[in-house]
Amino acid sequence: MRQSMVARLREEGLITTEGVAAAMNAVPRHDFAPGEPLENVYQTNTTLVPKVDAQGRQTSVVSASHIQAIQLEQADVRPGMNVLEIGSGGYNAALIAEMVGPGGSVTTVDIDADVIHRAQAGLHRAGYEQVNVVLADAEHGVAQHAPYDRIIVTVGAWDIPPAWLDQLSPEGRIVMPMRFAGISRLVAFDRSPDSLVLTASNYRLGSFVPMQGDGAATEQFIAVTPDLGLRMDQTSHLTFDVPALRKALNTAPVTSWSGTPFDMPDELELYLLTGGPEVAMMYAAQDAVDQGVVDRTVRNGTPALVRGDTFAYRIKRENPETVSGFETGVLAHGPQAYHVGNELLGMIRAWAGRYYRRNVARITYHPNIRLNTADNTADNTADNTADNTADNTADNTAVATGLTGWYTTKRHGVLAISWP
């Protein structure tokens with residue numbers, strides 16, 4: 001079953017190197033999920049051993065094997081390396097231990113004592129007791145085993161703490177699920193030559209349970225109705241006329257189609273959120289979909305362009321004439337539905353014409369920079385409207401620090417995304 005799991009991950013292009021394949025073939029995943037049915041353990045898209053808090057939210061899981069394969073491929077772990085894993089569970093640490101070999105070292109840290117005990121037990125059962133298992137707030141790293149050639153973060157992190165950079169070797173890499181603009185992306189950050197700036201070598205779709213402790217952060221969520229809302233970064237300066245948007249939901253929608261394929265939706269989503277006028281993520285409960293209030297694409301989140309009393313969001317339909325067999329479209333509600341829908345449609349066509357491929361965006365992280373403005377998120381890429389104008393101080397600061405495109409201030413630095 002383990003070999004079959006690895007074969008499927010290879011077929012899907014998620015495992016591309018022999019080191020990752022060998023590690024996933026070697027480590028008994030079931031030792032880290034006692035009591036779970038084996039058919040679940042060796043599925044590629046199934047998370048295991050969830051821990052749930054009093055509010056019913058998952059605070060820890062053993063990640064799905066396809067996500068672990070993606071991160072390990074991004075990390076490029078090599079024999080002899082010293083690796084820190086942020087967020088424990090045991091299985092991933094065992095995979096890393098296989099990859100670094102007897103000449104390397106692995107440390108895994110978690111804030112939750114239950115998770116640490118579970119990881120220790122799994123590592124003992126599987127025979128990987130050489131892994132350093134540490135109970136601590138990972139916001140501060142694990143200084144006693146530094147410096148690290150790789151830091152692999154398996155919790156949703158909103159920022160990069162100074163301790164991680166201090167404990168990273170000069171040519172080290174951080175692989176993390178970075179949270180921004182209401183979404184998450186698995187980003188592999190490297191130090192730029194002769195600079196503290198981190199530059200993404202690649203990024204992929206992926207999300208994890210949010211970080212706890214000193215590094216915890218929550219997104220803003222604006223409820224339009226009990227079943228529908230907008231999510232954005234906690235530092236976003238966007239504001240909404242909620243009563244007007246609620247009223248817009250009751251208007252007949254305007255639907256238009258782009259003629260472009262609905263393909264690589266995660267790349268299009270990233271572009272819509274960071275490539276032009278600020279866009280929020282719209283989410284809906286299943287009841288809103290079942291009742292026909294919104295299209296089914298909103299159930300798992302879709303970018304929505306909001307202009308006062310009107311909003312538009314991305315949808316799709318079957319179209320055999322496109323490369324993917326599906327076509328991207330726009331559905332708009334409100335008094336300005338035609339105009340706002342066309343604006344979002346133009347953004348979709350711009351992406352399809354210029355950026356229809358993977359890993360186009362340039363993602364950088366600039367530590368120790370803060371923009372001196374209450375509007376901590378700015379957009380320098382589009383023609384600003386009255387609803388979307390960023391503070392001039394932020395613009396001037398961004399120019400002074402060499403930032404271009406979309407950027408957002410975090411606790412310890414600034415994340416910037418541009419579309420060359």
Side-chain angles (χ1 to χ4, degrees), residues 1-51 60-110 114-134 145 148-155 173 175 177 186 204 206 208-209:
M1 294 180 80
R2 189 154 67 246
Q3 292 172 346
S4 177
M5 176 187 74
V6 173
R8 289 195 302 274
L9 292 171
R10 279 183 178 275
E11 290 169 3
E12 294 168 4
L14 301 176
I15 291 180
T16 59
T17 61
E18 291 305 318
V20 174
M24 297 192 84
N25 265 321
V27 178
R29 184 172 165 87
H30 57 271
D31 278 343
F32 299 90
E36 291 271 8
L38 285 178
E39 58 268 25
N40 290 346
V41 171
Y42 289 104
Q43 290 295 319
T44 60
N45 296 310
T46 304
T47 59
L48 306 170
V49 201
K51 181 174 180 179
S60 175
V61 297
V62 175
S63 299
S65 59
H66 81 276
I67 289 288
Q68 291 166 318
I70 288 171
Q71 278 202 302
L72 292 176
E73 291 287 355
Q74 287 181 302
D76 187 26
V77 176
R78 303 172 192 172
M81 281 187 168
N82 184 23
V83 180
L84 173 64
E85 181 193 33
I86 304 289
S88 196
Y91 174 65
N92 201 55
L95 293 173
I96 299 167
E98 280 286 337
M99 297 180 72
V100 301
S105 178
V106 180
T107 300
T108 183
V109 58
D110 201 284
D114 292 341
V115 173
I116 285 295
H117 294 153
R118 188 180 73 202
Q120 288 173 322
L123 290 164
H124 174 75
R125 282 190 294 269
Y128 293 92
E129 294 181 273
Q130 74 270 33
V131 173
N132 304 310
V133 184
V134 178
H145 299 298
Y148 301 103
D149 301 297
R150 298 288 186 267
I151 296 177
I152 301 177
V153 185
T154 63
V155 289
R173 173 176 291 186
V175 176
L186 294 174
R204 297 289 300 268
F208 286 72
V209 297

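Count residues from 1 along the sequence.
- In this structure, Asp149 contributes its side chain and Asn82 its backbone to a donor-acceptor pair below 3.5 Å.
- Evaluated for a side-chain contact (heavy atoms from CB on, under 4.5 Å) with Val20, the options Leu95, Ile70, Asp76, Ile15 yield exactly one hit, Ile15.
- Gln74 places a side-chain N or O within 3.5 Å of a backbone atom of Leu186 that can act as its donor or acceptor partner.
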What's the verdict on side-chain contact (heavy atoms from CB on, under 4.5 Å) for Val100 and Ser105, showing C-alpha distance, side-chain angles and the deciding distance? CA-CA 7 Å; Val100 301; Ser105 178; over 6 Å; no
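- Of the N and O atoms on the side chains of Gln68 and Ser63, not one donor lies less than 3.5 Å from an acceptor on the other residue.
- Between the side chain of Gln71 and the main chain of Pro177, no donor-acceptor pair closer than 3.5 Å is present.
- Looking only at distances, no side-chain donor or acceptor of Arg150 sits under 3.5 Å from a matching main-chain atom of Val175.
- The heavy-atom pair separating Val131 from Ala97 by the smallest distance is CG2-CB, 4.1 Å.
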Does Leu72 form a side-chain contact (heavy atoms from CB on, under 4.5 Å) with Ile152? I'd like the steps, not just the answer. CA-CA 8 Å; Leu72 292 176; Ile152 301 177; 4.3 Å; yes
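- Just one residue in the list Val133, Ile86, Leu84, Ile96 forms a side-chain contact (heavy atoms from CB on, under 4.5 Å) with Thr107, and that residue is Leu84.
- Of all the heavy atoms in Ala126 and Pro28, the pair that sits closest is CB-CG, 3.9 Å.
- Heavy-atom minimum distance, Val115 versus Ser88: CG1-O, 3.5 Å.
- In this structure, the side chains of Phe208 and Ile67 come closer than 4.5 Å at one or more pairs of heavy atoms.
- In this structure, OG1 in Thr154 is found 4.5 Å from CD in Glu85, a value given to the nearest 0.5 Å.
- With hydrogens and angles disregarded, a donor-acceptor distance shorter than 3.5 Å links the side chain of Gln43 to the backbone of Glu39.
- Across every non-hydrogen atom of Arg173 and Ala75, the tightest pair is CD-O, 4.0 Å.
- With rounding to the nearest 0.5 Å, the separation of OG1 in Thr17 from CD in Glu73 is 3.5 Å.
- Between Arg2 and Asn25, the shortest heavy-atom contact is NE-O, 2.8 Å.
- Going from atom CZ of Arg8 over to atom NE2 of His66 covers 12.5 Å, rounded to the nearest 0.5 Å.
- A heavy-atom distance below 4.5 Å is found between the side chains of Tyr91 and Met24.
- In the displayed structure, Glu12 atom CD is contacted under 6.0 Å by more than 12 heavy atoms of other residues, nucleotides or ligands.
- Here the NE2 atom belonging to His117 is positioned 11.0 Å from the CG atom belonging to Asp110, to the nearest 0.5 angstrom.
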Full working for side-chain contact (heavy atoms from CB on, under 4.5 Å) between Thr44 and Met5: CA-CA 6 Å; Thr44 60; Met5 176 187 74; 4.1 Å; yes
How far apart are the C-alpha atoms of Tyr42 and His30, what are their side-chain angles, what is the distance that settles it, and do they pass the side-chain contact (heavy atoms from CB on, under 4.5 Å) test? CA-CA 8 Å; Tyr42 289 104; His30 57 271; 2.7 Å; yes
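- Contact between Tyr128 and Ala94 at its shortest, heavy atoms only, is CD1-CB, 3.7 Å.
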